[in-house]
Number of protein chains: 2
Amino acid sequence: MSAETGLRETQRRRTRRALLDAALSELAERSLGSLGLREVTRAAGVAPTAFYRHFRGMDELGTVLVEEALASLHGTVREILAATGDAERRGEAAVRLIAELVRSRPAHVRFLVRERHGGVPAVREAIAAQLDVLADETGAALGSDPVSAGWDRDDVTMLSRLLVDHMFMTASAFLTASLREEDWSAATGTALAQLRLIHLGRVHWAS
Amino acid sequence: MSAETGLRETQRRRTRRALLDAALSELAERSLGSLGLREVTRAAGVAPTAFYRHFRGMDELGTVLVEEALASLHGTVREILAATGDAERRGEAAVRLIAELVRSRPAHVRFLVRERHGGVPAVREAIAAQLDVLADETGAALGSDPVSAGWDRDDVTMLSRLLVDHMFMTASAFLTASLREEDWSAATGTALAQLRLIHLGRVHWAS
DNA sequence: GTAGTCAGTGAACAACTGTTACCTGAACGG
DNA sequence: CCGTTCAGGTAACAGTTGTTCACTGACTAC
C-alpha cells in the first residue's frame with residue numbers, strides 16, 4: 001500500500017524531508033520551542049508558506065520528529081529484548097545498540113533527550129506516551145525471565161522504568177562524549193558497569 | 001559583609017527578585033530559550049530597559065537561576081551524605097529531601113530538569129559543571145564507606161553518576177506526579193525501591 | 001543642604017515573527 | 001488532449017522582538 005510514486009508525490013516528499021532535516025540540524029544547539037517556522041523554511045530553501053502544506057504548525061513537526069526518532073529506538077529495544085543469552089550479554093547488546101543509534105542518528109537522539117523534559121507540551125507528552133509503551137514492553141520481557149520469577153508487578157515496573165531511564169542517561173552520555181574517542185569508550189564502560197550493578201541488585205532482590 | 005540595606009538597594013533587590021520570579025513562573029510550561037526579555041519584564045511589571053540594570057541578557061538570568069536552584073540542591077545533598085545510619089535509611093532520607101525540595105521549590109527544580117539538556121548552552125554547561133562537583137562529593141562520601149571499601153576509582157564514579165542521575169529521575173517523577181496524592185506516594189515507592197536495588201547491587205559488587 | 005549617583009522610564013529603531021489571500025505552473029486523471 | 005488538482009511562491013498584514021538613547025527623580029554621601 002501507498003506506493004504513490006508519482007513525480008509530484010516524490011517532490012512533495014523531498015521538501016517534507018528537507019523541512020524535517022532543516023529543523024533537525026537547527027535543533028543541534030537549540031530547543032524546539034525557540035525554533036521559528038521561518039527559520040526552518042529558510043534553512044530548507046523553501047518559502048514560509050510551503051510549511052503549511054506539510055504541517056499544521058511547529059508542534060506537529062515536532063511530534064513527527066518524535067515518531068521518527070522513536071521508531072528506530074523502538075526497533076532497537078525490540079532487538080535487545082529478543083536477544084538470547086545471559087543478562088551480561090544482553091546488557092552489552094543494549095549498550096552497543098544505543099551507541100549505534102547515537103552514531104547513526106545523533107540529531108534524532110539529541111532531539112529526544114532534549115525535548116523529553118522540554119518546553120513544548122505536545123512533544124513532551126508524545127515522548128512520554130511512547131516511553132510508557134517502551135517500559136511496558138520491557139516489563140513484559142522482564143516478567144517472562146527466570147531471574148525475576150515471582151516478582152510482583154510494581155517491582156517489575158520500577159525496574160523497567162529504571163532501565164528505560166538508564167537508556168536515556170547512556171544516550172545522553174554518548175552524545176556529550178561523541179567528540180573524543182577515549183571519552184566514548186569511557187562512557188561505554190560506565191554504562192556497562194551500571195547495567196551490571198543493576199543486574200546484581202536484580203539477582204539478589206527479594207520481593 | 002554586604003549588609004547594604006539602603007532604601008535604594010532594597011528596592012533594587014526587590015525588582016531583581018521580581019524579574020527572577022517572573023521568569024521562573026513563565027518557565028513552568030516553556031523553555032528558557034523561547035523566553036523573551038520583554039515577556040519577563042512585562043510579567044514583572046517593569047519596563048524592558050530595567051532588565052539591563054540587573055542582567056546582561058537572558059543567558060545571565062539563566063545562570064543565576066541555576067545557581068539559586070543548585071544552592072538548595074547542594075545543601076540537600078550534603079545533608080544526605082552527612083546523614084548517619086545504614087544505606088536503607090540514607091536512601092529514605094535522600095528521597096524525602098528531594099520530595100521536600102520539589103514541594104518547596106517546584107519551579108526551580110523543573111527549571112533544572114528542563115534546562116539540564118535544554119537549548120541554552122551557557123545554562124546547560126553551568127548545570128553540568130555543578131553536577132560534576134556534586135558527583136565528586138558523592139563519590140568522596142562513597143569512598144569513605146565500609147560497603148565500597150576497595151573499590152577502584154572508576155567504579156566509584158560510575159556509581160555516583162548513577163546516583164546523581166537517579167536523583168534527577170526522581171525529581172522529574174515527583175514533578176509529574178505532583179498533582180494527585182496517590183501518584184506522589186507511588187513515585188516515592190518507586191524511587192525507594194530503585195535505590196534499594198542499586199544498593200543491593202553495590203553490596204554484591206566485585207571490582 | 002547640596003551635588004552626584006543610579007534604578008527605572010519612555011520613545012524610537014530595524015529586524016523579525018506567524019498567518020493570510022491570492023497567484024503560478026507543472027504534474028495529474030480521464 | 002484538456003480541465004483539474006495542488007505543491008510551492010509572492011506580497012502584505014499586524015505584532016513582537018532586543019537594544020539604544022536621553023531623561024527623570026528619589027536616594028545617598030558628604
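Letters A, B, ... are given to chains in the order of the sequence lines, protein chains preceding strands, and every chain is numbered from 1.
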Once side-chain contact (heavy atoms from CB on, under 4.5 Å) is applied, do any residues pair with B:I127, and if so which ones, sequence neighbours excluded? B:V66, B:L112, B:E115, B:R116, B:V123, B:L131

Partner residues of B:S172 under the side-chain contact (heavy atoms from CB on, under 4.5 Å) criterion, sequence neighbours left out: A:H117, B:V113

Who are the side chain to side chain donor-acceptor pair (under 3.5 Å) partners of B:E26, not counting sequence neighbours? none

If every non-hydrogen atom of A:M167 is compared with every non-hydrogen atom of A:L134, which pair is closest and at what distance? CE-CD2, 4.1 Å

Restricting to pairs with a member in residues 98-108 of chain B, which pass side-chain hydrogen bond (donor to acceptor under 3.5 Å, both in side chains), not counting sequence neighbours? B:E68-B:H108

Where at least one partner belongs to residues 125-141 of chain B, residue pairs that pass side-chain hydrogen bond (donor to acceptor under 3.5 Å, both in side chains), sequence neighbours excluded: B:H74-B:E137, B:R78-B:E137, B:D132-B:R161

Of all residues at least two apart in sequence or in a different chain, which pass the ring pair (Phe, Tyr, Trp, His ring centres under 6.0 Å) check with A:F111? none

Taking atom types as modelled, is there a side-chain donor on A:Q194 or A:H166 under 3.5 Å from an acceptor on the other? yes

Do A:R14 and A:Q11 meet the criterion of a side-chain donor-acceptor pair at a distance under 3.5 Å? yes

Salt bridge between A:R202 and A:D145, side-chain N to carboxylate O under 4.0 Å? yes

Does anything in residues 27-60 of chain B pair up under ring-ring contact (aromatic ring centres under 6.0 Å, His included), and if so which pairs, sequence neighbours excluded? B:F51-B:F55

So ring-ring contact (aromatic ring centres under 6.0 Å, His included) across residues 172-193 of chain A, not counting sequence neighbours, yields A:F174-A:W184

Using a 4.0 Å heavy-atom cut-off, write out nucleotides 20-30 of chain D from 5' to 3' as B (base contacted by protein), S (sugar-phosphate only) or - (no contact). BB----BBS--

State whether the number of non-hydrogen atoms from other residues, nucleotides or ligands found under 6.0 Å of B:R89 atom CZ is greater than 12. no

Quick one: stems for DNA chain D, with Watson-Crick or G-U pairs under 3.5 Å, at least three in a row? C:1-30 with D:1-30

Outermost DNA chain C nucleotides near chain B [under 4.0 Å, heavy atoms]: C:dT5 to C:dA12

Please give, in whole Å, the distance from D:dG18 P to B:F55 CZ? 15 Å

Numerically ordered, the residues 18-40 of chain A set in heavy-atom contact under 4.0 Å with DNA chain D is A:R38

Under 4.0 Å, counting only non-hydrogen atoms across every strand here, what does B:R42 touch: a base, just sugar-phosphate, or nothing? sugar-phosphate

Would you kindly compare A:Q11 and B:G57 by the position of their nearest DNA chain D nucleotide and give the one closer to the 5′ end? A:Q11

